[in-house]
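To start, the structure under review is shown below, and the notes come after it.
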Amino acid sequence: EGLLVHGLLAEVSSTMDTSAVVTDALHSGKINKDEYDYYLQMVDHIVNHPQLSPFYQEDIEVYNEKDILIPQKSFIRPDRVVKNKNGWVIIDYKTGKEYPRHTTQIKHYAQVLEEMTLEKSKCFLVYIGEKTLVKTVA
C-alpha cells in the first residue's frame with residue numbers, strides 16, 4: 001500500500017488534482033471500485049490537512065519525487081518539495097510506524113536543499129494510516 005499511496009500523492013500538485021488522480025488510478029486498475037472512496041478520502045485528508053493545505057495550493061512551485069543530485073555522492077528524492085513566498089517546504093510521506101531515521105532522513109534533505117539555495121526549509125513528516133499524523137521537524 002505504501003507504494004500505491006506514494007504513487008497517488010506524486011501525481012497531486014494541488015487540491016484540485018485529488019479526484020482526477022484517484023479516478024485515474026481506478027481506470028488504470030491500480031485500485032478497484034471498492035477502494036476508490038478509501039483512497040480519495042486518504043488523499044483529501046492529506047491535501048486538506050490544516051498544517052499541509054497551504055502547500056497544496058495552485059499558486060506555488062511543486063516538485064514531486066524529483067531527484068536532487070549531490071556532487072560526488074549520489075542523490076536524494078524527497079516526496080514533495082514546495083517553493084512558496086516564504087521559502088522551501090519539504091514533505092515526506094510515511095506509511096507504517098514512526099522511526100527516528102525518518103527525522104534523520106528529512107533533516108538530511110533540508111541540509112542539502114539549504115546548501116543549494118542558502119535558504120532554510122520547513123519540514124513535515126506525514127504518517128498515513130487510519131488517521132493522518134503530521135509532525136513538524138525542526
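Counting begins at 1 with the first residue of the sequence.
- Residues Tyr39 and Leu52 share a single hydrophobic cluster, defined by chaining ILVMFWY side chains whose heavy atoms lie under 4.5 Å apart.
- The main-chain N or O of Phe55 is found under 3.5 Å from a side-chain atom of Arg80 such that the two form a donor-acceptor pair.
- For Ser53 against Pro50, the heavy-atom pair with the smallest separation is OG-O, 3.9 Å.
- You'll find the side chain of Gln51 reaches within 4.5 Å of the side chain of Thr136, heavy atoms only.
- A distance of 7.5 Å separates CD of Glu58 from CG of Asp17, quoted to the nearest 0.5 Å.
- Of all non-hydrogen atoms in Phe124 and Val134, the two that sit nearest each other are CD2-CG1, 3.7 Å.
- Side-chain N or O atoms of His6 include one that pairs as donor or acceptor with a backbone N or O of Gly2 at under 3.5 Å.
- The backbone N or O of His27 lies less than 3.5 Å from no partner atom in the side chain of Asp24, so there is not a single donor-acceptor pair.
- Contact annotation: the side chain of Pro78 approaches that of Val81 to within less than 4.5 Å [non-hydrogen atoms, C-beta and beyond].
- To the nearest 0.5 Å, atom CZ of residue Arg101 and atom CD1 of residue Ile106 are 14.5 Å apart.
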Does the side chain to side chain contact (heavy atoms under 4.5 Å, CB included) test come out yes or no for Arg77 and Ile68, once each step is laid out? CA-CA 6 Å; Arg77 184 181 297 144; Ile68 299 173; over 6 Å; no
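- With respect to Ile76, the side chain to side chain contact (heavy atoms under 4.5 Å, CB included) criterion is satisfied by exactly one of Val112, Ile90, Leu113, Asp67: Val112.
- Taking OG1 of Thr23 as the start and CG of Leu40 as the end, the distance is 7.0 Å to the nearest 0.5 Å.
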Evaluate side chain to side chain contact (heavy atoms under 4.5 Å, CB included) for Ile70 paired with Phe75, printing each intermediate quantity in order. CA-CA 5 Å; Ile70 303 170; Phe75 66 92; 5.6 Å; no
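- Tyr127 has its ring centre no less than 6.0 Å from the ring centre of Tyr93.
- Judged by distance alone, with hydrogens and angles left aside, the side-chain atoms of Asn48 form no donor-acceptor pair with the main-chain N or O of His45 at under 3.5 Å.
- Side-chain N/O atoms of Gln105 and Lys94 include a donor and acceptor closer than 3.5 Å.
- The existence of a salt bridge linking Lys30 and Glu35 is excluded, since no basic side-chain nitrogen approaches an acidic carboxylate oxygen closer than 4.0 Å.
- Atom CD of Gln41 is separated from atom OG1 of Thr18 by 12.0 Å, given to the nearest 0.5 angstrom.
- Leu9 and Met42 fall within the same hydrophobic cluster, where Ile, Leu, Val, Met, Phe, Trp and Tyr residues are linked whenever their side-chain heavy atoms come under 4.5 Å apart, directly or through other members.
- For the 3.5 Å distance criterion, the side chains of Tyr63 and Glu61 qualify, holding a donor opposite an acceptor.
- The same ILVMFWY cluster, assembled from side-chain heavy atoms under 4.5 Å apart, contains both Leu8 and Tyr36.
- Using a 4.5 Å heavy-atom cutoff, the side chains of Trp88 and Val82 are not in contact.
- Using a 3.5 Å distance cut-off with no hydrogens or angles, the side chains of His102 and Asp92 do not pair a donor with an acceptor.
- Residues Tyr38 and Ile46 share a single hydrophobic cluster, defined by chaining ILVMFWY side chains whose heavy atoms lie under 4.5 Å apart.
- To the nearest 0.5 Å, atoms NE2 (His49) and CD1 (Ile91) are separated by 11.0 Å.
- Neither side chain, Ser121 nor Tyr109, offers a donor N or O lying under 3.5 Å from an acceptor on the other.
- Ile31 is listed as a side-chain neighbour of Val22, based on a closest heavy-atom distance under 4.5 Å.
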Check the pair Val137 / Lys107 against side chain to side chain contact (heavy atoms under 4.5 Å, CB included), numbers first and verdict last. CA-CA 8 Å; Val137 178; Lys107 283 182 174 185; 3.8 Å; yes
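- Within the model, atoms NZ of Lys120 and CD of Gln111 stand 10.0 Å from one another, a figure rounded to the nearest 0.5 Å.
- Residues Ile128 and Leu4 share a hydrophobic cluster, clusters being chains of Ile/Leu/Val/Met/Phe/Trp/Tyr side chains in contact below 4.5 Å.
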Derivation and outcome, side chain to side chain contact (heavy atoms under 4.5 Å, CB included), residues Val5 and Leu3: CA-CA 6 Å; Val5 172; Leu3 290 175; over 6 Å; no
